[in-house]
**Q** 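Here it is, the structure, as structure tokens.
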Amino acid sequence: PAIPPGKLIYLVAGHKSAKKFLAGGRSASDTIRSVLQKNGLRIEQFGAVFDFGCGVGRIMRHWNATQGPAWHGTDYNADLIAWCRGHLRFAEFRVNTLSGPLPYEAEMFDFIYAFSVFTHLKEPLQFHWTGELARVLKPGGYIYLTTHGDHYVSVLTADERGQFERGELVVREQEESGSNLSAVFHPPRYLRERVAKDFTVVDFIPCGAQGDSMHDAYLLQKPQAT
């Protein structure tokens, strides 16, 4: 696929390097594959896959030759979605709002991934979006998401470190929530007990996300309907 212009790459990656953009997306998609494989799953087995916070297709572009799923992506930046619609035609893209419902019916997806999304959402949005993702995920379906975990403690102030060590979410620049200007740090305990409380944590890989970062990676499963 075509490479997006530097100004759009910058919005999602904080740099304008096409080489880094391509390598980061490839690494992130390879890691998603490997985490699924480690847990006895293959991306090709899913009927519908959703890239939540797809940006300008950094990861999505790397599925273009992968047969099987119907591919879907959303972002709240309409310029990024317009580029994806024009250049990544194997997938369907829609614009979402920062805090409203997703433009999908309930229980539509088998697998959802959110790479470097929850790392930029203030606390109320953490709960809103896990609720929305749960709504559009089929029972028994999976979510892969990444967070800033213990690896990032060294960048925190003394007060922030205290919060983190107490198991509290640390949010910088709350009013910039949704953009890269807001950085959010998740103690693993907080993720399990608060954000993922309605899911089963299938796997947790500290610093396991790859793709330009040392994010923690989680694979969650929505409980089967009883």
**Q** Tell me if a side-chain donor or acceptor on Thr130 pairs with a main-chain N or O of Phe127 at a distance below 3.5 Å.
**A**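 Indeed, once roles are kept as given, a pair shorter than 3.5 Å links the two residues.
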**Q** Which heavy atom of Ile59 sits nearest to which heavy atom of Ser29, and what is that distance?
**A**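 For Ile59 versus Ser29, the nearest heavy atoms are CG2-CB, 4.0 Å.
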**Q** Does Gln221 reach the main-chain N or O of Gly140 with its side chain, forming a donor-acceptor pair under 3.5 Å?
**A** yes
**Q** If every non-hydrogen atom of Gly208 is compared with every non-hydrogen atom of Thr31, which pair is closest and at what distance?
**A** O-CG2, 3.0 Å
**Q** Taking Glu107 for the side chain and Pro139 for the main chain, is one N or O donor matched with an acceptor at less than 3.5 Å?
**A** no
**Q** Evaluate Leu145 against Leu191 for side chain to side chain contact (heavy atoms under 4.5 Å, CB included), listing each step before the verdict.
**A** CA-CA 10 Å; Leu145 61 85; Leu191 191 291; 4.1 Å; yes
**Q** Is there a ring pair (Phe, Tyr, Trp, His ring centres under 6.0 Å) between His72 and Phe109 once you walk through the steps?
**A** CA-CA 9 Å; His72 298 263; Phe109 299 108; 5.3 Å; yes
**Q** Specify the closest pair of heavy atoms between Thr157 and Arg172, including all atoms of both residues, with the distance to one decimal.
**A** N-NH2, 4.0 Å
**Q** Got a sec, which residues hit ring-ring contact (aromatic ring centres under 6.0 Å, His included) with Phe204, two or more places apart in sequence or on another chain?
**A** Tyr218
**Q** Does the side chain of Arg33 pick up a donor-acceptor pair with the side chain of Thr66 at under 3.5 Å?
**A**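 Yes, side-chain donor-acceptor contact under 3.5 Å.
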**Q** Nearest 0.5 Å please: distance from the CZ atom of Phe164 over to the CZ atom of Phe185.
**A**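 The CZ atom of Phe164 sits 9.0 Å away from the CZ atom of Phe185.
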**Q** Please check: side-chain N/O of Arg61 versus main-chain N/O of Leu22, any donor-acceptor pairing under 3.5 Å?
**A** no
**Q** Do you know which two heavy atoms are closest between Val184 and Gln126, and how far apart they sit?
**A**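 Closest approach of Val184 to Gln126, heavy atoms only: CG1-NE2, 3.9 Å.
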**Q** Within this structure, what is the CG-CG distance for the pair Leu220 and Asp198, rounded to the nearest 0.5 Å?
**A** 11.0 Å
**Q** Would you say Ile143 and Lys222 make side-chain contact, with heavy atoms under 4.5 Å?
**A**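 The answer is no, as the side chains (C-beta and beyond) never meet within the 4.5 Å cut-off.
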**Q** So, taking the atom named OH in Tyr152 and the one named CD in Glu160, what distance separates them when rounded to the nearest 0.5 Å?
**A**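 If I round to the nearest 0.5 Å, the distance is 14.5 Å.
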**Q** Keeping to residues at least two apart or across chains, list the salt bridge (charged side-chain N to carboxylate O under 4.0 Å, His left out) pairs with something in residues 64-87.
**A**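 Sorted result for residues 64-87: empty, none.
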**Q** Indicate yes or no for a side-chain donor-acceptor contact from His186 to the backbone of Gly149 under 3.5 Å, with no hydrogens or angles considered.
**A** no
**Q** Taking the side chain as every heavy atom from C-beta outward, state whether Leu80 and Cys54 have any atom pair closer than 4.5 Å.
**A** no
**Q** For the side chain of Arg94 and the backbone of Pro103, is there at least one donor-acceptor N/O pair under 3.5 Å apart?
**A**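 Yes; judged by distance alone, with no hydrogens or angles, the pair exists.
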**Q** Count the heavy atoms of every other residue, nucleotide or ligand shown that sit under 6.0 Å from CD of Glu92, and state whether that count exceeds 12.
**A** yes
**Q** Taking all non-hydrogen atoms of both residues, which atom of Ala209 and which atom of Thr146 are closest, and how far apart?
**A** CB-CG2, 3.6 Å
**Q** So, taking the atom named CG in Leu133 and the one named OH in Tyr113, what distance separates them when rounded to the nearest 0.5 Å?
**A** 13.0 Å
**Q** Just how far is it from atom CG of Asp150 to atom CE of Met214, taken to the nearest 0.5 Å?
**A**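 Answer for the CG-CE pair, Asp150 versus Met214, is 12.0 Å.
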**Q** Working to the nearest 0.5 angstrom, can you tell me the gap between Leu137 CG and Glu132 CD?
**A** 12.0 Å
**Q** Does Arg194 come within less than 4.0 Å of Glu168, counting only side-chain N to carboxylate O?
**A** no
**Q** For Thr119 and His148, indicate whether the former's side chain and the latter's backbone hold a donor-acceptor pair under 3.5 Å.
**A** no
**Q** Are Asp30 and His62 packed together at the side-chain level, in the sense that at least one heavy-atom pair is separated by less than 4.5 angstrom?
**A**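 No, their side chains stay 4.5 Å or more apart.
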**Q** Could you see if Leu36 belongs to whatever hydrophobic cluster contains Ile205? Use Ile, Leu, Val, Met, Phe, Trp, Tyr and a side-chain cutoff under 4.5 Å.
**A** yes
**Q** Is it the case that the side chains of Gln163 and Tyr190 hold a donor-acceptor pair, with the cut-off being a distance below 3.5 Å and no angle test?
**A** no
**Q** With respect to Phe52, which candidate in Phe111, Tyr144, Trp129, Phe93 satisfies the ring-ring contact (aromatic ring centres under 6.0 Å, His included) definition?
**A** Trp129
**Q** Is there a donor-acceptor contact under 3.5 Å from the side chain of His128 to the main chain of Ser99?
**A**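 Yes.
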**Q** Tell me whether Leu8 is reachable from Tyr10 by hopping between hydrophobic residues (I, L, V, M, F, W, Y) whose side-chain heavy atoms are closer than 4.5 Å.
**A**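 Not linked; separate clusters.
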**Q** Specify whether His215 and Phe115 have parallel, tilted or perpendicular ring planes, treating 30° as the upper limit for parallel and 60° as the lower limit for perpendicular.
**A** parallel
**Q** Strictly distance-based, threshold 3.5 Å: is any side-chain N or O of Asp110 a donor or acceptor partner for the main-chain N or O of Gly141?
**A**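 It does not hold such a pair.
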**Q** Any side-chain heavy atom of Phe21 sitting closer than 4.5 Å to one from Val56?
**A**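 Side-chain contact under 4.5 Å: yes.
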**Q** Of all the heavy-atom pairs spanning Thr97 and Tyr76, show the shortest one and how long it is.
**A** C-CB, 4.2 Å
**Q** Mind checking whether Leu98 and Leu125 have side chains closer than 4.5 Å, heavy atoms only?
**A**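 Yes, close enough: below the 4.5 Å cut-off.
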